[in-house]
Amino acid sequence: MATWNLFLVIMLMDIMVSGWRFGFGADGLSMQYYSFSCPPAEGIVRDTVNKALRSDPTLAAALIRMHFHDCFIQGCDASILIDSTKDNVAEKDSPANLSLRGYEVIDDAKEQLEQLCPGVVSCADIVAMASTAAVFFAGGPYYDIPKGRKDGRISKIMDTINLPAPSLNSSELIKMFGQHGFTAQEMVALSGAHTLGVARCSSFKQRLSNFDSTHDVDPTIDAQFLKTLSKTCSGGDNAEQNFDSTRNTFDNDYFNQLQLKSGVLFSDQTLFMSPKTKPIVNGYALNQAMFFMDFQQAMLKMSLLDVKEGSKGEVRANCRKIN
């Protein structure tokens with residue numbers, strides 16, 4: 001009995017602390033947001049993601065990228081999931097988002113949750129929780145995020161102009177991320193998500209010819225790696241190049257590749273070429289634990305971008321369309 005009472009006290013204190021940090025209340029965010037309204041929510045999302053990744057490990061990168069593309073436009077409100085209609089072209093149909101994958105994983109988790117806890121768990125929270133589960137499944141750090149986001153009602157293709165382009169240099173990236181409240185170090189840490197996944201030739205082919213007025217080829221590319229990228233692009237714009245040597249493993253190899261001038265995107269390699277971000281890259285290449293710690297903190301911060309609470313949003317019955 002004493003042990004049980006101690007457990008209840010600790011749990012209550014945890015709820016109070018989370019409530020203080022994230023505005024716990026009727027509509028506020030909390031680590032325990034679904035503890036009473038839908039206790040199995042996090043487990044269902046995690047199990048659904050794990051099942052999908054066992055079948056296709058490449059979806060880990062896709063789910064993390066989906067979360068990022070969602071949060072940078074309209075905040076973390078699942079606007080990336082909304083389908084276009086005859087009257088509106090949605091975010092997901094922007095050229096910047098056409099290569100996004102993993103929508104079926106979110107749909108699967110949502111369907112299960114609607115059967116068990118109808119109208120309770122938001123699509124925005126599912127996307128956020130799926131991202132954390134994907135990081136951990138791929139070998140990255142475990143971290144928790146507060147829940148309670150509501151789903152947005154707006155998704156417009158024109159807003160995707162605010163997504164970072166693969167042609168941005170370090171200064172431009174620092175400025176763009178800074179507009180969302182991120183430091184240069186947090187920007188580099190988040191860029192480390194490219195330890196997973198691939199880039200299509202269309203995203204880096206501009207580095208291989210007619211680069212600028214004084215260079216035909218991007219001079220920051222290693223000569224041998226240039227041959228690799230050129231060979232990849234011989235397969236066409238949709239040909240894929242791994243970001244690092246461990247495509248499906250979350251580690252710090254991405255930063256090792258930048259040190260070797262083997263970053264795939266210009267926006268990757270620029271992090272090593274800039275005096276302001278080069279020391280951060282070197283630090284993460286040397287110390288994976290430090291990268292993991294900074295990454296999870298930056299992801300937590302990103303998951304809180306412009307979240308909608310209460311009447312500012314809704315809980316969609318179907319993640320692909322507004323109620």
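Everything numeric here is computed off the predicted structure, so don't read it as measured data.
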* Side chains of Ser131 and Arg65: is there a donor and an acceptor less than 3.5 Å apart? -> no
* Thinking salt bridges, do Lys308 and Asp151 make one under a 4.0 Å N-O criterion? -> no
* Asked: Should Val315 and Ile322 be regarded as members of a common hydrophobic cluster, given that ILVMFWY residues are connected when their side-chain heavy atoms come within less than 4.5 Å of each other, either directly or indirectly?
  -> no
* To do: Report yes if some heavy atom in the side chain of Leu208 is under 4.5 Å from a heavy atom in the side chain of Val217; otherwise report no.
  => no
* To do: Please confirm whether the backbone N or O of Asp47 pairs with a side-chain atom of Asn50, one donor and one acceptor, at under 3.5 Å?
  => no
* To do: Please find out if less than 6.0 Å separates the ring center of Tyr143 from that of Phe292.
  => no
* **Any donor-acceptor pair under 3.5 Å from Lys278 side chain to Thr270 backbone** => no
* Check Glu240 against Thr232 and note the closest heavy-atom contact, atom names and distance. => O-CG2, 3.5 Å
* **Residue that, paired with Tyr103, satisfies side-chain contact (heavy atoms from CB on, under 4.5 Å) out of Asp83, Val127, Leu81** => Leu81
* **Note: Arg153-Glu314 ion pair, threshold 4.0 Å (strictly below)** => yes
* To do: Identify the heavy atoms of Gly102 and Leu63 that sit nearest to each other, and give their distance.
  => O-CD2, 3.9 Å
* CE of Met290: more than 12 outside heavy atoms within 6.0 angstrom? -> yes
* **Any donor-acceptor N/O pair, Asp70 side chain to Cys76 backbone, under 3.5 Å** => no
* Asked: For Ser167, does its backbone N or O pair with a side-chain atom of Ser267 as donor and acceptor, under 3.5 Å?
  -> no
* With rounding to the nearest 0.5 Å, note down the distance linking CG in Leu100 to CD in Glu91. => 10.0 Å
* NZ on Lys147 to OG on Ser35, rounded to 0.5 Å -> 8.0 Å
* To do: Starting at CD of Glu42, measure out to OH of Tyr33 and round the result to the nearest 0.5 Å.
  => 13.0 Å
* Can any side-chain N or O of Asp253 pair as donor or acceptor with the backbone N or O of Ser245 at less than 3.5 Å? -> yes
* Using modelled atom types only, decide if a donor and an acceptor are shared between the side chain of Asn323 and the backbone of Ala317 within a distance under 3.5 Å. => yes
* Do Ser79 and Ser155 have side-chain N/O donor and acceptor atoms under 3.5 Å apart? -> no
* Check whether Tyr284 and Phe243 end up in the same hydrophobic cluster, where Ile, Leu, Val, Met, Phe, Trp and Tyr are linked by side-chain heavy atoms less than 4.5 Å apart. => no
* Just how far is it from atom CD1 of Ile221 to atom CG of Leu260, taken to the nearest 0.5 Å? -> 14.0 Å
* **Pairing of Lys261 and Asp222 as salt bridge, 4.0 angstrom limit** => no
* Asked: Under a 4.0 Å N-O cut-off, is there an ion pair linking Arg320 with Asp107?
  -> yes
* Within 6.0 angstrom of Phe136 CZ, more than 12 heavy atoms from elsewhere -> no
* Structure fact -> In this structure, CD of Gln288 is separated from CG of Asn256 (nearest 0.5 Å) by 9.0 Å
* Taking the side chain from Asp159 and the backbone from Ile73, do they hold a donor-acceptor pair closer than 3.5 Å? -> no
* Asked: Does some side-chain heavy atom of Gln185 sit less than 4.5 Å from a side-chain heavy atom of Asp294?
  -> yes
* Electrostatic pair Asp237-Arg200, nearest N-O below 4.0 angstrom -> no
* To do: Over 60° means perpendicular and under 30° means parallel, so classify the ring planes of Phe291 and Phe250, tilted if in between.
  => parallel
* **Residue pair Arg149 / Ser303, side-chain donor-acceptor N/O under 3.5 Å** => yes
* Test item: side-chain donor near acceptor, Thr214 and Asp212, under 3.5 Å -> yes
* To do: Would you indicate whether the side-chain heavy atoms of Ser203 and Cys201 approach each other to under 4.5 Å?
  => no
* Kindly assign one of parallel, tilted or perpendicular to the pair His194 and Tyr254, based on the angle between their ring planes and the thresholds 30° and 60°. => perpendicular
* Using the side-chain contact (heavy atoms from CB on, under 4.5 Å) rule, pick out the option among Ile280, Thr277, Leu271 that qualifies with Ser191. => Leu271
* Is the shortest distance from a Lys or Arg side-chain nitrogen in Arg101 or Asp56 to a carboxylate oxygen in the other one below 4.0 Å? -> yes
* To do: Could you name each residue pair satisfying disulfide bond (SG atoms under 2.5 Å apart) that touches residues 272-323, not counting sequence neighbours?
  => Cys123-Cys319
* Test item: Phe182 and Lys301 side chains (from C-beta on) under 4.5 Å apart, heavy atoms -> yes
* Closest non-hydrogen atom pair, His69 against Asn97 -> ND1-OD1, 2.5 Å
* Asked: Is the closest side-chain heavy-atom distance between Val135 and Leu196 below 4.5 Å?
  -> no
* Which value, rounded to the nearest 0.5 Å, describes the distance between Leu168 atom CG and Ile174 atom CD1? -> 11.5 Å
* Asked: Can Gln74 and Asp306 be counted as having a side-chain donor-acceptor contact under 3.5 angstrom?
  -> no
* Which atom pair, heavy atoms only, marks the closest approach of Leu305 to Cys71? -> CD1-O, 3.9 Å
* Do Ile106 and Met66 have side-chain heavy atoms sitting under 4.5 Å apart? -> yes
* To do: Would you confirm whether Asp218, through its side chain, and Phe211, through its main-chain N or O, come within 3.5 Å as a donor-acceptor pair?
  => no
* Would you say the side chains of Arg46 and Thr132 form a donor-acceptor pair under 3.5 Å? -> no
* Does Glu111 CD have over 12 foreign heavy atoms under 6.0 Å away? -> no
* Does Ile64 belong to the same Ile/Leu/Val/Met/Phe/Trp/Tyr cluster as Phe255, with side-chain heavy atoms less than 4.5 Å apart forming each link? -> yes
* **Test side-chain contact (heavy atoms from CB on, under 4.5 Å) applied to Gln112 - qualifying residues, sequence neighbours left out** => Ile44, Thr48, Asp108
* For atom CG of Leu98, is the number of surrounding heavy atoms from other residues, nucleotides or ligands below 6.0 Å larger than 12? -> yes
* Looking at side-chain heavy atoms only, is the closest gap between Asn169 and Phe266 below 4.5 Å? -> yes
* Compute whether any side-chain donor of one residue and acceptor of the other, for Asp251 and Thr246, lie under 3.5 angstrom apart. => yes
* Asked: With a 4.5 Å heavy-atom cut-off, do Val198 and Gln241 have their side chains touching?
  -> no
* Backbone of Leu226 reached by a side-chain donor or acceptor of Ser230 within 3.5 Å -> yes
